[in-house]
K.L.:
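First the structure, which I've put down as structure tokens, then a few questions once you've had a look.
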Amino acid sequence: MTKVVFLITSGSDDPQKFLLGLTLAERSFDAKRYEDVKVLFFGPSENYIATANQEEMEVVNRLIKKGLIDSACVYVAKQSGVSEKLTQIGIQLNPIGERFAHYVNAGFIPITF
């Protein structure tokens with residue numbers, strides 16, 4: 001069975017795409033469409049989470065509780081000043097290149113939003 005990693009890069013530039021990516025990841029997990037599902041945040045998505053509305057935060061929180069969110073990019077978070085906010089809501093910060101490579105090398109298929 002296939003494993004997928006969702007790389008969420010959209011944010012305030014395309015909020016609908018941001019929410020669609022998270023929703024697809026969650027529904028894929030719930031329906032057991034894949035052997036494993038993980039989510040990584042990179043770039044604009046990190047800033048967007050820091051200012052997300054209630055509906056978006058509900059989705060993010062559900063994904064955290066289900067163990068789907070691996071991490072967000074530590075470097076982008078620091079540059080954008082959102083490190084504290086992301087860690088407060090339960091998102092780990094890691095070098096995204098390392099985490100992405102980990103999943104690709106483990107056979108995960110990347111899906112980007």
Side-chain angles (χ1 to χ4, degrees):
M1 193 173 226
T2 305
K3 301 176 280 190
V4 297
V5 57
F6 286 82
L7 180 63
I8 309 296
T9 61
S10 55
S12 61
D13 56 324
D14 196 344
Q16 184 177 13
K17 189 174 182 181
F18 171 87
L19 195 54
L20 286 171
L22 296 184
T23 301
L24 181 59
E26 182 178 31
R27 290 186 179 167
S28 294
F29 173 80
D30 290 346
K32 298 177 179 23
R33 293 181 184 134
Y34 304 106
E35 178 182 344
D36 200 359
V37 176
K38 291 297 177 191
V39 175
L40 296 169
F41 294 109
F42 184 55
S45 64
E46 296 178 59
N47 294 325
Y48 196 61
I49 292 169
T51 61
N53 66 35
Q54 183 178 349
E55 176 190 7
E56 294 155 343
M57 280 311 301
E58 287 174 5
V59 176
V60 170
N61 287 327
R62 286 196 312 265
L63 269 63
I64 290 170
K65 288 178 185 173
K66 293 177 181 185
L68 300 184
I69 297 177
D70 176 279
S71 57
C73 180
V74 64
Y75 302 113
V76 171
K78 284 181 181 178
Q79 285 181 331
S80 302
V82 296
S83 299
E84 188 175 326
K85 176 67 175 176
L86 295 178
T87 56
Q88 283 177 349
I89 62 173
I91 297 176
Q92 293 182 26
L93 302 178
N94 290 301
I96 203 70
E98 291 178 18
R99 297 309 300 153
F100 190 69
H102 163 78
Y103 286 110
V104 170
N105 290 328
F108 283 68
I109 295 172
I111 300 173
T112 59
F113 275 87

K.L.:
State yes or no: do Ile96 and Val4 share one hydrophobic cluster built from I, L, V, M, F, W and Y residues joined by side-chain heavy-atom distances below 4.5 Å, directly or via other members?
P.N.:
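In one cluster: no.
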K.L.:
Distance from Ser45 atom OG to Asp13 atom CG, nearest 0.5 Å?
P.N.:
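With rounding to 0.5 Å, OG (Ser45) is 9.5 Å from CG (Asp13).
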K.L.:
Is Leu22 reachable from Leu86 through a run of I, L, V, M, F, W or Y residues, each pair having side-chain heavy atoms under 4.5 Å apart?
P.N.:
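Yes: a chain of side-chain contacts under 4.5 Å links Leu86 to Leu22.
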K.L.:
Determine whether a donor-acceptor pair (N or O, by modelled atom type, separation under 3.5 Å) exists between the side chain of Glu56 and the backbone of Asn53.
P.N.:
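Yes; judged by distance alone, with no hydrogens or angles, the pair exists.
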K.L.:
Is there a side-chain contact between Phe18 and Ile49 in this structure, where contact means two heavy atoms from C-beta onward sitting under 4.5 Å apart?
P.N.:
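A side-chain contact under 4.5 Å exists here.
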K.L.:
Quick check for you: to the nearest 0.5 Å, what is the distance between Asn94 atom CG and Phe100 atom CZ?
P.N.:
15.0 Å
K.L.:
Can you tell me how far the CZ atom of Phe108 sits from the CG atom of Leu7, to the nearest 0.5 Å?
P.N.:
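It comes to 13.5 Å.
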K.L.:
Evaluate the side-chain proximity of Ile64 to Asn61: yes if any heavy-atom separation is below 4.5 Å, no if none is.
P.N.:
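A side-chain contact under 4.5 Å exists here.
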K.L.:
So Glu98 and Val74, do their side chains get closer than 4.5 Å, heavy atoms only?
P.N.:
no
K.L.:
If Ile, Leu, Val, Met, Phe, Trp and Tyr residues are connected whenever their side-chain heavy atoms lie under 4.5 Å apart, and connections chain through other members, are Leu93 and Phe42 in the same group?
P.N.:
no
K.L.:
Between Lys65 and Val60 (side chain of the first, backbone of the second, donor and acceptor by atom type, cut-off under 3.5 Å), is there such a pair?
P.N.:
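No, Lys65 side chain to Val60 backbone: no donor-acceptor pair under 3.5 Å.
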K.L.:
Leu40 versus Ser71: any side-chain heavy-atom pair under 4.5 Å?
P.N.:
yes
K.L.:
Considering only heavy atoms from C-beta outward, does the side chain of Ile89 approach that of Met57 to under 4.5 Å?
P.N.:
yes
K.L.:
State, with a plain yes or no, whether a side-chain heavy atom of Lys66 is found less than 4.5 Å away from one of Val37.
P.N.:
no
K.L.:
Which residue pairs pass the side-chain hydrogen bond (donor to acceptor under 3.5 Å, both in side chains) test when at least one of the two sits in residues 76-86, sequence neighbours left out?
P.N.:
Asn47-Ser80, Glu84-Gln88
K.L.:
Hey, what do you get for NZ (Lys38) to CD1 (Ile111), rounding to the nearest 0.5 Å?
P.N.:
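Here the interatomic distance stands at 14.5 Å.
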K.L.:
Report whether Phe6 and Phe29 are members of the same hydrophobic cluster (ILVMFWY, side-chain heavy atoms less than 4.5 Å apart, transitive linking).
P.N.:
yes
K.L.:
Run Glu55 and Leu19 through side-chain contact (heavy atoms from CB on, under 4.5 Å) and show every step you take.
P.N.:
CA-CA 9 Å; Glu55 176 190 7; Leu19 195 54; 3.5 Å; yes
K.L.:
Would you find more than 12 non-hydrogen atoms of other residues, nucleotides or ligands less than 6.0 Å from Gln92 atom CD?
P.N.:
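No, not enclosed.
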K.L.:
In Å and rounded to the nearest 0.5 Å, what is the NZ to CD1 distance from Lys3 to Ile109?
P.N.:
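Reported value, rounded in 0.5 Å steps: 10.0 Å.
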K.L.:
According to a hydrophobic-cluster definition based on side-chain heavy atoms being under 4.5 Å apart (Ile, Leu, Val, Met, Phe, Trp, Tyr only), do Tyr48 and Ile8 belong together?
P.N.:
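Yes, same cluster.
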K.L.:
Who passes salt bridge (Lys or Arg N to Asp or Glu O under 4.0 Å) against Arg27, sequence neighbours left out?
P.N.:
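Partners of Arg27 by the salt bridge (Lys or Arg N to Asp or Glu O under 4.0 Å) criterion come out as none, since no residue qualifies.
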K.L.:
Would you say that Thr112 contacts Thr9 through its side chain, given a criterion of any heavy-atom pair below 4.5 Å between the two side chains?
P.N.:
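In short, these two side chains do not touch, never coming nearer than 4.5 Å.
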K.L.:
Check Val104 against Pro110 and note the closest heavy-atom contact, atom names and distance.
P.N.:
CG2-CG, 4.5 Å
K.L.:
Does the side chain of Tyr34 reach to within under 4.5 Å of the side chain of Val5, using non-hydrogen atoms?
P.N.:
no
K.L.:
I need the Gln16 CD to Ser10 OG distance, nearest 0.5 Å.
P.N.:
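Between Gln16 CD and Ser10 OG, I get 10.0 Å after rounding to 0.5 Å.
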